[in-house]
**Q** 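This structure is in structure tokens; I'll ask about it shortly.
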Amino acid sequence: MPGFILRRTAIALAILLLVALLLFAMMHMIPGDPTVVALGPRSTPEMREAFRAMMGLDRPVLDQLGLLLVRLAQGDLGLDVWSRRPVLTMVLEVLPYTVALALASFVWALALGLVLGCVAVVHHGKWGDWLIGAVSVSFVAVPSFVVALYSLLIFAVWLNWLPAIGAGEPGDIGAQLRALILPSFAVGLGWVGYISRLVRAAMIEAMSEDYVRTLRAYGVGEGRIIYRYALKQALLAILSVIAIGFGSLLTGSIFAEIVFTRPGLGKMTYDAVISRNFPLVMGTVLVTSALYVTCMILADVVSAWLDPRVRSAI
Amino acid sequence: MKPPSLEPPSAEPPLPAPVLDMRHVSVSYGAHVPAVLGVDLTIRPREIVGIIGESGSGKSTLAHSVLGLLPKTARMSGTRFNLAGTDILKADRTALAALRGPAAAMIFQNPMTAFSPIHTLGRQLTDLLWRDRDPSGAQKRARIVAALAEVGIPDPVGRLDAFPFQLSGGMLQRVAIAAALLMQPALLIADEPTTALDVTMEAQILHLMRSLRERAGVSILIISHHLGVIAEICDRVAVMYAGRIVEEGTVEAIFRAPRHPYTQALFACEPALVPTGMRRLPVIAGEVPRPGASLCDFASRCAVKAARCVEQAPPWTRSGEFPGHHVRCHGSALSGSPPSGRTP
Ligand SMILES: Nc1ncnc2c1ncn2[C@@H]1O[C@H](COP(=O)(O)OP(=O)(O)O)[C@@H](O)[C@H]1O
Ligand SMILES: [Mg+2]
């Protein structure tokens, strides 16, 4: 097992290196003078020259790359162009908001998606299955920003039940949780539909296995077959897809962050790209990628732990 | 008080009530495709009955129909279908579930997929014993261990925590037999139980099944397309072709004096019986047709067919000198010369 985790970690680091190289290349290939974008068209040549020197843009490209990699290896993500604060600090400040939103969205979406998927399998081919299918597909089809806007309108503006903006005062857990409800609803709804379809397909596949026929041949109840046997196999089958989904939620909640004016990684990345704040782009994207690959490693570990065949092979 | 019998007293004692009694049972998938057509089959206590036939002839469908394991698309009909005294055609879901295990237990062709790969064997065997209201899991455990030991599994206690992939196919088939035995079934159905195993394993499993009949007194319905398997353990054999039983008799009758051209063709194709020196294995030409395609379904592939084979349905007739030997063929009903005898 330790060797297995070590190998995955090595692959993860290689992926992060690749991401850094791609970002570096992208920054140098984007047309336009970054200093003009950063300082505005009215900046004087002297100001631009000073900016260039500050960002190290006056050095040869390979030097810049080498410097970047050395810094990254030391865990130094550089300084923000505007505030001159460490990028790592800024990212770590908003990270809890993003992780909280992703977790909240995913937990309820996973729970409801599992239940709907199982109910659909129990009613396979009957109207219940059909209804859940239709609802799930429409959940997936509605864009999350539409859900965000409408839920904001209805629950925050008209009914005034929940806060419309912000993430709640620091330290006030109740307010922070209340501020999570609408955004996580908007972000998670599509995932409910997606997961319920995924679970249904994986369960139907599991229910056609030979061992299910064995259990049935002994009169074992359908309930026990579904919940003790098929569900475990189905979860194992969709685990990696779920991990990818969770990873994409870490950046994919940008609409919810904008609509509900929440701090978060998605919004920070977006702002950084718009303002050509390259160190911040590099920092947010690398941290997101790191979270992503961590999810994948965790999924691998969990499935190895759940699947005795994999467990014994590693 | 019993009403006085009108029949003359018979010399032989009455036969015990059959474990399985099928009369004119048909099964079709979807609307029009029959897979089993008008099958009569009776299995008495402690009897071992074999079904042989090419793949696609409806053997598995027949076996699954006994336990109600057919897919929802399947339609089943018949004039009688009793399993251990219960009418399967009238049984509802609960009644069927009650039969599964105690009335008839089944072992399947591929032991490697018959168990969940991600649950321990102990967990799965315990779940198969869901009926037992044993006060303690320890009691169930003890029974499972005893059953595993009985079918010759070394270290039965250790196997409880093992996963299927940690055992060989032969060992897993033993576990499957142990599971069936735990049910103390009246009938054991084995659908190609040795097809996925190598020859040594096959012999051991067959020996095991035979000894179980002696010890546990179960009846066995065994399906195989391997004639050697059938010859080794059966009392009676039914030959299935295109959903129908085309010949039935004692092992001796079928193996010494096969009457149906299809049965004879099966013997001609059996690797173990093919004379040495023959370069290629013979096969029966053509494919199994849809049942009911012509009056005799074998006519299109039959080497000795006559005009009436496609004009008249062949009758089910007594045949030869062996008691209980029946065949569904125009030719063999009339032809006086029995085909060359064979020994199993
Ligand atoms: N689930 C099913 N749906 C439709 N047709 C089936 C199904 N299972 C078997 N059949 C058909 O029924 C016929 C008999 O199959 P089967 O009982 O499996 O034969 P055997 O066990 O002798 O090989 C075949 O023609 C097969 O294609
Ligand atoms: Mg079969």
Side-chain angles (χ1 to χ4, degrees), chain A residues 1 120-130 199-200 202-240 242 299-314, chain B residues 60 63-64 66-73 91 93-121 123-132 161-166 172 175-176 179-180 182-183 185 188-191 196:
Chain A
M1 192 60 141
V121 167
V122 173
H123 294 262
H124 188 185
K126 293 183 227 157
W127 66 269
D129 183 20
W130 184 86
V199 169
R200 177 184 178 275
M203 292 276 278
I204 286 174
E205 167 138 6
M207 293 297 281
S208 69
E209 296 275 353
D210 278 358
Y211 72 80
V212 170
R213 185 182 60 189
T214 306
L215 292 166
R216 285 189 176 140
Y218 284 82
V220 177
E222 287 293 297
R224 192 180 299 211
I225 294 178
I226 287 179
Y227 295 111
R228 181 171 286 167
Y229 288 88
L231 189 56
K232 185 171 176 187
Q233 189 192 327
L235 280 180
L236 208 54
I238 66 175
L239 196 68
S240 56
I242 286 185
D300 280 353
V301 171
V302 170
S303 67
W305 172 63
L306 281 178
D307 190 331
R309 291 162 299 184
V310 181
R311 203 189 312 151
S312 74
I314 58 178
Chain B
S60 296
H64 290 166
V66 177
L67 280 175
L69 288 177
L70 296 169
K72 286 197 184 102
T73 52
R93 282 171 60 111
T94 10
L96 267 181
L99 291 177
R100 294 173 178 176
M106 187 146 178
I107 55 182
F108 297 95
Q109 173 169 349
N110 189 349
M112 307 299 262
T113 57
F115 295 98
S116 161
I118 51 177
H119 295 80
T120 63
L121 289 170
R123 163 89 270 148
Q124 300 186 56
L125 292 172
T126 311
D127 277 345
L128 297 185
L129 286 175
W130 59 276
R131 284 185 187 82
D132 298 342
D161 296 321
F163 291 93
F165 74 93
Q166 294 167 318
L172 281 177
V175 175
L182 282 166
M183 301 289 141
L188 179 66
I189 303 175
D191 187 355

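Just so we're on the same page: letters track the sequence lines, and every chain starts at 1.
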**Q** Looking at every non-hydrogen atom in both residues, tell me the closest pair between Trp130(B) and Gly219(A) and how far apart they are.
**A**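 Between these two residues, the closest heavy atoms are CZ2-O, 2.9 Å.
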
**Q** Are the side chains of Phe165(B) and Ser312(A) in touch, meaning some heavy atoms are under 4.5 Å apart?
**A**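 Side-chain contact under 4.5 Å: yes.
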
**Q** Among Leu128(B), Ile189(B), Leu67(B), single out the residue with the greatest number of heavy-atom pairs under 4.5 Å to chain A.
**A**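 Most pairs with chain A among the choices: Leu128(B).
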
**Q** Taking every non-hydrogen pair under 4.5 Å, which of Gln109(B), Lys72(B), His64(B), Arg123(B) racks up the most with chain A?
**A**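 Sorted descending by pairs with chain A, the first entry is Arg123(B).
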
**Q** Sort Ala176(B) into side chain, backbone, both or neither according to what part of it lies under 4.5 angstrom from a heavy atom of chain A.
**A**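 Only the backbone of Ala176(B) comes within 4.5 Å of chain A.
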
**Q** Heavy-atom cut-off 4.5 Å, strictly under: side chain, backbone, both or neither for Gln166(B) against chain A?
**A**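 When you check distances to chain A, no heavy atom of Gln166(B) falls under 4.5 Å.
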
**Q** Taking all non-hydrogen atoms of both residues into account, name the closest pair between Pro308(A) and Pro117(B) and its distance.
**A**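 Heavy-atom minimum between the residues: CG-O, 3.4 Å.
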
**Q** Is there a side-chain contact between Ile118(B) and Arg309(A) in this structure, where contact means two heavy atoms from C-beta onward sitting under 4.5 Å apart?
**A**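 Answer yes - side chains close enough.
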
**Q** Give me the atom names and distance for the closest heavy-atom approach of His119(B) to Arg228(A).
**A**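 Taking every non-hydrogen atom into account, NE2-O, 2.9 Å.
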
**Q** Which of residues 204-212 of chain A get closer than 4.5 angstrom to chain B, counting heavy atoms alone?
**A**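 Within residues 204-212 of chain A, the residues that come under 4.5 Å of chain B (heavy atoms only) are Asp210(A), Tyr211(A).
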
**Q** If you look at every heavy atom in Leu69(B) and Ala217(A), which pair is closest and at what distance?
**A**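 Leu69(B) and Ala217(A) have their closest heavy atoms at CD1-CB, 3.6 Å.
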
**Q** Measuring only between side-chain heavy atoms, which start at C-beta, is Tyr218(A) closer than 4.5 Å to Met183(B)?
**A**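 Of all side-chain heavy-atom pairs linking Met183(B) with Tyr218(A), at least one is under 4.5 Å.
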
**Q** Side chain from CB out, backbone as N, CA, C, O: work out which of these in Arg213(A) comes under 4.5 Å of a heavy atom of chain B, or both, or neither.
**A**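 Backbone plus side chain of Arg213(A), per the 4.5 Å heavy-atom cut-off to chain B.
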
**Q** Among Pro71(B), Pro164(B), Ala180(B), which has the most heavy-atom pairs under 4.5 Å with chain A?
**A**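 The answer is Ala180(B).
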
**Q** According to the salt bridge (Lys or Arg N to Asp or Glu O under 4.0 Å) rule, which pairs have a member within residues 93-107 of chain B, sequence neighbours left out?
**A**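 For residues 93-107 of chain B: none.
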
**Q** Please rank Ala104(B), Ala97(B), Ala179(B) by heavy-atom pairs under 4.5 Å with chain A and give me the top one.
**A**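 Answer, by heavy-atom pair count under 4.5 Å with chain A: Ala179(B).
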
**Q** Below 4.5 Å, heavy-atom pairs only: which of Thr113(B), Thr120(B), Asn110(B) has the largest tally toward chain A?
**A**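 Between Thr113(B), Thr120(B), Asn110(B), the count favours Thr113(B).
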
